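Quick notes on the structure that follows.
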Amino acid sequence: MCLDNFFTSTRSGIADLMGHPRFEFIRHDVTEPFYCECDMVYNMACPASPVHYQWNPIKTTKVSVLGTINMMGLAKRVKARILQASTSEIYGDPEVTPQSEEYWGHVNTIGVRSCYDEGKRVAETLAFDYLRSNNVDIRVARIFNTYGPGMHPYDGRVVSNFILQALHGEDITIYGDGSQTRSFGYVDDTVDGLIRLMNQEATIGPVNIGNPNEFTVKELAEMIIELTGSKSKIVFLPLPGDDPKQRRPNITRAKALLEWEPKVQLREGLTKTIHYFKALDLRKYSKPTMHNAHHNTMVEAKVRKRLSYALVPVEGGMCVPVPWERRLRFDGTVHKVTGMDHPGFPITFIQILTNRELLELHCCIRGADQNEQLDFEVNMSLITGQTIATLSVPMTTLLGELKQKVSQQDGTNPRQLQLLVPGDFAQLTDEQAVADLGPLESKLDLILVRNAGFFKSEKFEGVKEGYAFKLGEEGLGYYLDEYQKDQTGPPALRPDSFPKPLVSGLGPSMQQLAKCQCL
Ligand SMILES: O=c1ccn([C@@H]2O[C@H](COP(=O)(O)OP(=O)(O)O[C@H]3OC[C@@H](O)[C@H](O)[C@H]3O)[C@@H](O)[C@H]2O)c(=O)[nH]1
């Protein structure tokens with residue numbers, strides 16, 4: 001019997017088991033109680049990738065605390081043996097290496113990773129208290145970084161990130177200088193270790209399940225580039241908050257008591273994983289979260305500002321910010337733009353109906369609660385038909401500027417500030433725009449910004465909605481058509497999967513949009 005709420009997984013992960021007569025799937029969230037008859041429980045529930053577990057940190061803690069209570073309660077009622085999946089993260093940013101089970105760890109209780117680290121520590125505590133108080137037959141495994149076929153392509157952890165980046169020729173994003181270490185365990189070895197722990201009487205744990213061969217993140221990146229034959233280059237981004245500097249398991253206990261040690265070393269495991277990712281149809285997957293969790297630190301907020309995005313001019317007189325590598329996708333005609341606000345909740349939806357497909361920009365504005373100096377960020381999900389691509393588009397300076405202006409003018413709550421007043425961006429000087437766009441792509445972006453209301457064209461290339469072909473101040477080309485500005489096009493559609501807005505109609509009018517240079 002398999003329970004999952006599919007928060008970070010997909011049905012395809014269990015597709016091959018679905019028809020099996022002894023396999024049963026139940027969609028369930030472990031934070032709710034569950035009743036069934038069973039002999040053994042593997043409680044593996046919890047998002048494990050930092051970007052996923054930091055997405056909704058309170059829920060993450062609930063999964064480890066309430067989920068473990070519910071599963072321990074189940075094991076207690078039916079007298080089942082229960083294996084609790086713990087993690088190397090309970091050692092925090094360890095001061096000793098390798099980490100043996102006797103080490104109590106070095107964990108920040110109030111950091112961005114604490115929801116996972118502390119949640120899993122409490123889960124261990126609960127397991128041992130259920131043993132002491134109710135004689136529940138527990139096993140506790142501390143799993144170190146696991147990877148391998150079956151991973152979600154948008155898992156967000158380092159192995160899948162690097163492999164996908166390498167396969168697509170994108171920059172390999174190393175956080176920090178890449179000198180931090182991890183010890184990567186191949187999925188088959190991890191599963192074997194867990195099953196052995198469950199099916200033996202010598203120890204209840206905790207037992208480290210991991211591969212003691214330690215690699216720096218930079219070494220990992222280089223190995224993946226080599227194995228994929230990729231031309232990707234490595235870029236360095238700042239380290240997310242509380243990122244452990246070293247991690248390596250001491251597996252003496254597992255060797256002695258479970259007769260277990262990993263068989264698949266990194267090179268072999270990566271080769272199999274690359275093969276798996278190559279064969280995957282990425283169109284069937286979307287990001288479970290926006291992967292913006294790493295922005296939670298001030299350092300991170302400043303870093304992301306430097307990520308490149310393109311302001312892609314779309315017909316209708318405006319630009320849509322899209323990540324650099326996706327800039328060619330958005331060349332449709334914009335018929336209608338609506339913005340919607342959730343009062344008291346810093347989320348805004350901007351909906352753009354194009355002549356090709358619906359693009360929905362799901363903008364999440366994160367402000368600084370305690371420190372107003374922290375910049376704002378905008379994260380966007382673009383939904384195009386079935387495909388959901390999630391983007392993280394930092395527009396910190398633009399929004400910072402805007403925030404200042406608006407609060408000076410009418411004292412509006414800066415949290416409500418978003419792309420609804422795009423006209424203000426036009427007031428930025430070119431230099432400011434360039435400063436915000438980063439050094440590399442700035443030239444082209446600047447051209448895009450400048451050209452938002454005009455497309456140079458030597459000859460008439462057909463009717464372009466919203467534009468008139470003429471000789472004007474900028475030369476021959478397509479200029480914004482003053483007479484077509486009021487056309488709003490067909491009503492925007494809203495996918496059912498999106499939360500319903502509480503208030504609508506806050507979006508910019510076509511007149512406003514026509515004036516603006518970028519969204
Ligand atoms: O794109 C990336 C992603 C990650 N990294 C770095 O690579 C290292 C590993 O990061 P991951 O996100 O894969 O995972 P972490 O080791 O931080 O956390 C993991 O630890 C063990 C498990 O229990 C969990 O799966 C998870 O919390 C970190 O130093 C991280 O900063 C990059 O350099 N680039």
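Both counts, for ligands and for their atoms, begin at 1 and track the order of listing. Keep in mind that this is a model prediction, so the values were computed, not measured.
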Would you kindly specify which portion of Ala48 sits under 4.0 Å from ligand 1, judged on non-hydrogen atoms: side chain, backbone, both or neither? both
Minimum-distance pair of heavy atoms, taken over all atoms of Phe277 and Ser160: CZ-CB, 3.6 Å
Can you spot which of Glu219, Glu222, Glu226 makes a salt bridge (charged side-chain N to carboxylate O under 4.0 Å, His left out) with Arg267? Glu226
For ligand 1, does Thr173 get within less than 4.0 Å through its side chain, its backbone, both, or neither, judged by non-hydrogen atoms? both
A side-chain contact here means heavy atoms from C-beta on lying under 4.5 Å apart; do Arg27 and Arg11 qualify? yes
Taking NZ, NE, NH1 and NH2 as the nitrogens, is one of them in Lys245 or Glu95 under 4.0 Å from a carboxylate oxygen of the other? no
Any non-hydrogen atom of Lys120 lying under 4.0 Å from ligand 1? no
Output yes when Glu124 and Arg121 qualify as a salt bridge under the 4.0 Å nitrogen-oxygen rule, no when they do not. no
Under 4.0 angstrom from ligand 1, any heavy atom of Phe144? no
For ligand 1, which part of Phe162 has a heavy atom less than 4.0 Å away: the side chain, the backbone, both, or neither? side chain
From Val51, Val159, Thr87 - option closest to atom 22 (C) of ligand 1 by heavy atom: Thr87
Return a yes/no value for Ser49: is any of its N or O atoms, backbone included, closer than 3.5 angstrom to an N or O of ligand 1? no
So, is Gln165 polar-close to ligand 1, with some N/O to N/O distance under 3.5 Å? no
Numbered atoms of ligand 1 (with element) below 4.0 Å of Tyr53, judged on heavy atoms: 27 (O)
Honestly, for Arg157 the part within reach of ligand 1 (heavy atoms, under 4.0 Å) is both
Please list, chain by chain and in numerical order, all residues satisfying side chain to side chain contact (heavy atoms under 4.5 Å, CB included) with Ser12, sequence neighbours excluded. Thr10, Tyr285
Mind checking side chain to side chain contact (heavy atoms under 4.5 Å, CB included) for Leu17 and listing every partner two or more places apart, or none if nothing turns up? Ile14, Phe23
Can you name the atoms of ligand 1, numbered from 1 with element, that are less than 4.0 Å from a heavy atom of Arg247? 15 (P), 16 (O), 18 (O), 19 (C), 20 (O), 21 (C)
Out of Asp177, Asp243, Val217, the nearest non-hydrogen contact to atom 28 (C) of ligand 1 is supplied by Asp243
What do we get for Val158 next to ligand 1 when only non-hydrogen atoms under 4.0 Å count, side chain, backbone, both or neither? both
